[in-house]
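All chains are named by letter (A, B, ...) in the order of the sequence lines, taking the proteins before the strands, and each is independently numbered beginning at 1. Given the structure is predicted, the values throughout are model-derived calculations rather than measurements.
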Amino acid sequence: MDNRYSCFFSDMGFLNVAISFIIGISTLIMIRIFYVVYRSSKPLYSRPPGPLSTLIILGSGGHTAEMINLLAVMQMDRFKPRYYIAAATDNMSLQKARVLEDSLPDKAEVELVETSQFMQIYRSREVGQSYVTSVGTTLIALSHALWLMIKIRPQVILCNGPGTCVPLCVIAFVFKVLGIRWSSIFYVESIARVRRLSLSGLLLYKLRMADQLFVQWPQLKSKYPRANYVGRLM
Amino acid sequence: MFKSSCLLIISCSEKVKQKIGEYRMGESHDSVKSKRIVFVTVGTTCFDSLVRAVDTQESTGEDGSLSVDYFTFSSSIAEYLKSASLVISHAGSGSIFETLRLKKPLIVVVNEDLMDNHQSELAEELAERNHLFCVFPQTLYQTISGMDLGSLVAYQPGDATPVANFINRFLGFNDE
């Protein structure tokens, strides 16, 4: 009888330890997440940092045009090496990025022009695809995104709306929480979004995964106060 | 609704092009230049209801004297936009802003078949600001009949510099 009770108590003990362990780890993770969100919302460096590796996520059509417009006014020597990711079914975007990269003036100092790499990523959802099959394609996209992010581990992420950016930003956020890499995520909502955020924008806004979210119309700023209204990019 | 002195250039799907075929009424290269060009584009989408609305008997003139040219895809429509005196477009932001940048009169037709029609938000907002006209395929004809192109206001191009500055400051890069 003693044997049975002692088995019972040691089982309970093990269970207690396991539960306490899980609760403890979860609490630590929650605290870390809150810290990451809090720290991400504030300016990152107090002194000018060196060049930051940058991931630029391109989407089809109007999305890419807006991103090119933004890149054209940014100092490229501060953001290198640069990695461009576009959906696997989107060929035009990478071409446009290549044109932009080729147009950059050569610096006086000799620099290796291996500063940008072009890559492809499988789309989470094609335009017109049903939401049900989107789950499967999203899982594929997630694993591919994970692989790419492990390779790149960018310090800065620029994206402006296509579904391709959600898996990448989620993974970047997880990397932040786990201390693998701190990425500053900048999300610019497309100019086509006047009254409502896109699904990507809404996710990143609500989950507070973007460091800074920019909107191009005042209506969105009033609806989503934590967003930054910066006027129009186009 | 289009005068016979117009050349209608339509960018549309392959299916529609095959169904309708090409109309060329014996024009020489010179006469093409003397015509005013209306450019109709559906961007990279399927928007057959717009092409149908434009290419009716009513719009092309009963004697078929309107010249109509079709192509299915062009990697850059900039040249077509530059030579057009009126552009009729789907509501894609790329088409819209490319046209506005060239300061061409623009009628945006909203595609009701699209799943999540957020595109119409942009067209409606710009129409409210008088930068373009925003219609549905069914109302295209009456809009063109009654429109006053002089009421359109030029769109001032935007500027991405505020975003770049914000990002720079956030990351600690000093400017000026």
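Contacts between A:Arg195 and chain B at a heavy-atom distance below 4.5 Å involve backbone atoms as well as side-chain atoms. Contact of B:Leu126 with chain A is made through the side chain alone, with heavy-atom distances under 4.5 Å. No part of A:Gln216 comes within reach of chain B, as not one of its non-hydrogen atoms sits under 4.5 angstrom from that chain. Heavy-atom distances place the side chain of A:Gln75, and not its backbone, under 4.5 Å from chain B. Using a 4.5 Å cut-off between heavy atoms, A:Leu158 contacts chain B through its side chain alone, with no backbone atom that close.
With rounding to the nearest 0.5 angstrom, the OG1 atom of A:Thr64 is 11.5 Å from the CG atom of A:Asn69. Between A:Leu58 atom CG and A:Cys165 atom SG the span is 11.0 Å, to the nearest 0.5 Å. Here A:Phe214 contributes atom CZ and A:Leu70 contributes atom CG; the two are 8.5 Å apart, rounded to the nearest 0.5 Å. Atom OG in A:Ser190 sits 8.0 Å away from atom CG in B:Leu122 (nearest 0.5 Å). Expressed to the nearest 0.5 Å, how far CG of A:Leu213 lies from SG of A:Cys159 amounts to 9.0 Å.
Side-chain rings of B:Phe166 and A:Phe186 stay apart, their centers remaining 6.0 Å or farther from each other. Between A:Tyr224 and A:Tyr229, a ring centre-to-centre spacing not shorter than 6.0 Å is recorded.
Interface with chain B: from residues 33-42 of chain A, residues A:Ser40, A:Ser41, A:Lys42 qualify, criterion being any non-hydrogen pair under 4.5 Å. Chain A is approached within less than 4.5 Å, heavy atom to heavy atom, by B:Phe97, B:Arg101 from residues 97-106 of chain B, ordered by number.
A:Arg153 contributes no side-chain N or O that, together with a main-chain N or O of A:Arg181, makes up a donor-acceptor pair within less than 3.5 Å. In terms of modelled atom types and a separation under 3.5 Å, the side chain of A:Arg82 and the main chain of A:Met76 share a donor-acceptor contact. A donor-acceptor pair is defined here as one N or O able to donate and one able to accept, closer than 3.5 Å; such a pair exists between the side chain of A:Glu66 and the backbone of A:Ile191.
By number of non-hydrogen pairs under 4.5 angstrom with chain B, the leading residue of A:Leu52, A:Val230, A:Asn228, A:Val194 is A:Val194. Across A:Gln212, A:Gln219, A:Gln155, the residue that shares the most heavy-atom pairs under 4.5 angstrom with chain B is A:Gln212. When each of A:Met74, A:Arg232, A:Arg47, A:Arg78 is checked for heavy-atom pairs under 4.5 Å with chain B, A:Arg78 comes out on top.
A donor-acceptor contact closer than 3.5 angstrom is absent between the side chains of A:Glu189 and A:Asn160. Under the 3.5 Å distance criterion, with hydrogens and angles disregarded, no donor-acceptor pair is assigned to the side chains of A:Ser184 and A:Tyr45.
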Would A:Ser200 and A:Tyr205 satisfy side-chain hydrogen bond (donor to acceptor under 3.5 Å, both in side chains), going step by step from the backbone distance to the final call?
CA-CA 8 Å; A:Ser200 316; A:Tyr205 181 84; over 6 Å; no
